[in-house]
Amino acid sequence: MTAPSADEHPLFLKWQEQIEDLLKSEVYLLNCHQELFTQVRDDAVGRYPDQDFQWIAHYAHIYPHRQAVALRRVREDQREVRSLYSLIDSIGRNRKVLSRRRHGKLATEGNRPARIPFRLEPPGESHIHPEEITQSLAALEGTSGRIKEFVDTTIAHRDPGGDPLRARGAQSVTYAEIRRGIETVSDEAAKWSLCLTGTQVIPTPHVPATWKGILRHGLFSSSF
């Protein structure tokens with residue numbers, strides 16, 4: 001990100017740093033793990049449909065657990081925790097900081113889109129409309145609420161003597177729920193990145209083609 005001007009609001013700078021960090025870590029890894037799981041599953045089933053793949057079954061169990069924990073993390077609503085939800089909530093509690101004037105300054109960095117990417121609150125229309133905040137928080141709550149409950153009752157904690165997969169009546173999350181959660185988090189992160197930085201790039205996962213490549217360069221790489 002281009003160095004900010006000296007008169008920039010400290011909260012705005014903090015939000016910019018937070019959304020960039022979330023994109024490079026949480027959102028990127030969510031998409032990377034989804035891409036890798038899809039490739040491995042489809043390739044194994046397509047090439048060897050009659051084989052007994054115990055390791056694939058194990059992977060298919062570990063994958064949604066890992067993704068569920070990550071989705072629960074970005075949904076964390078405690079103000080002192082760094083998450084996408086707490087970032088949006090902070091913007092909502094300080095809406096006048098995200099103003100037409102402040103967003104317009106992004107033009108000097110060459111990042112500003114053709115129009116302001118958020119609704120403005122009348123009268124005066126100088127800062128972000130509260131419905132933008134409400135809709136984003138509701139979207140995160142709607143796709144990750146049951147995932148959060150699943151993680152809290154099944155992964156993070158376990159009732160004494162209870163079935164770990166049915167602790168306190170919790171039901172396992174589905175792959176479809178995980179996929180929808182990743183899509184929602186990616187969309188919301190891109191939206192708020194556009195509002196705060198003028199860009200909304202979600203990096204495309206690049207999984208190494210061979211196991212040697214993974215050992216040599218790491219599991220994932222990106223354009224960051």
Side-chain angles (χ1 to χ4, degrees), residues 1-34 67 69-121 126-141 143-144 148 181-206 218-224:
M1 183 172 65
T2 305
S5 59
D7 65 344
E8 194 53 272
H9 196 288
L11 257 183
F12 192 73
L13 299 179
K14 179 181 178 181
W15 294 340
Q16 287 181 318
E17 188 271 330
Q18 287 181 344
I19 193 64
E20 290 187 341
D21 179 63
L22 284 165
L23 283 171
K24 293 179 180 179
S25 56
E26 300 286 10
V27 180
Y28 174 62
L29 286 177
L30 277 166
N31 284 278
C32 279
H33 283 287
Q34 178 174 248
Q67 298 290 70
V69 170
L71 289 169
R72 188 245 185 274
R73 193 162 51 239
V74 297
R75 163 65 175 80
E76 179 60 64
D77 56 8
Q78 297 182 35
R79 293 181 180 180
E80 66 274 15
V81 174
R82 175 171 291 203
S83 70
L84 181 59
Y85 190 100
S86 64
L87 169 62
I88 299 170
D89 178 66
S90 177
I91 295 172
R93 288 182 285 107
N94 303 275
R95 288 185 296 107
K96 290 186 178 181
V97 175
L98 185 48
S99 63
R100 178 198 295 271
R101 179 190 65 82
R102 187 157 283 116
H103 187 271
K105 284 186 176 182
L106 296 175
T108 62
E109 301 175 11
N111 293 331
R112 182 170 174 245
R115 62 183 180 83
I116 294 177
F118 52 83
R119 285 177 294 168
L120 297 167
E121 183 179 20
S126 60
H127 53 269
I128 190 167
H129 198 288
E131 288 185 3
E132 293 278 6
I133 309 297
T134 302
Q135 290 176 358
S136 288
L137 295 180
L140 291 176
E141 291 168 355
T143 58
S144 62
K148 181 179 184 298
I182 295 171
E183 290 173 352
T184 299
V185 166
S186 298
D187 289 345
E188 291 299 325
K191 167 186 173 179
W192 291 102
S193 177
L194 186 62
C195 292
L196 296 171
T197 70
T199 62
Q200 57 176 352
V201 176
I202 300 292
T204 301
H206 298 288
L219 185 56
F220 303 122
S221 62
S222 76
S223 56
F224 276 118

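In this chain, residues are counted from 1 in sequence order.
Side-chain atoms of T184 never come within 3.5 Å of backbone atoms of A139 as a donor-acceptor pair (strictly under, hydrogens ignored). Here the side chain of Q16 pairs no donor or acceptor atom with the backbone of T197 at under 3.5 angstrom.
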Begin with the C-alpha distance, continue with both residues' side-chain angles, and end with the deciding distance and a verdict on salt bridge (charged side-chain N to carboxylate O under 4.0 Å, His left out) for K191 and E132. CA-CA 10 Å; K191 167 186 173 179; E132 293 278 6; 3.0 Å; yes
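Of all non-hydrogen atoms in L23 and S193, the two that sit nearest each other are CD1-OG, 3.5 Å. Contact between L84 and V185 at its shortest, heavy atoms only, is CD2-O, 3.9 Å. Among all heavy-atom pairs drawn from E141 and R75, the shortest one is CG-NH2, 3.5 Å. Considering all non-hydrogen atoms of both residues, L120 and S126 come closest at CD2-C, 4.1 Å. Here the closest heavy-atom approach between residue L140 and residue E188 is recorded as CD2-CG, 4.3 Å. Residue S86 comes nearest to V81 through the heavy atom pair OG-O, 2.7 Å, listed as atom of the first residue, atom of the second, then distance.
Between atom CG of residue L137 and atom CG of residue D77 there is a gap of 9.5 Å, rounded to the nearest 0.5 Å. Interatomic distance, CD of Q34 versus CD of Q67, reported as 7.0 Å (0.5 Å rounding). How far OG of S83 is from CD of E76: 6.0 Å, rounded to the nearest 0.5 Å.
Partners of S90 under the side-chain hydrogen bond (donor to acceptor under 3.5 Å, both in side chains) rule, at least two apart in sequence or in another chain, are W15. When the side-chain hydrogen bond (donor to acceptor under 3.5 Å, both in side chains) test is applied to E26, the partners found at least two apart in sequence or on another chain are R73.
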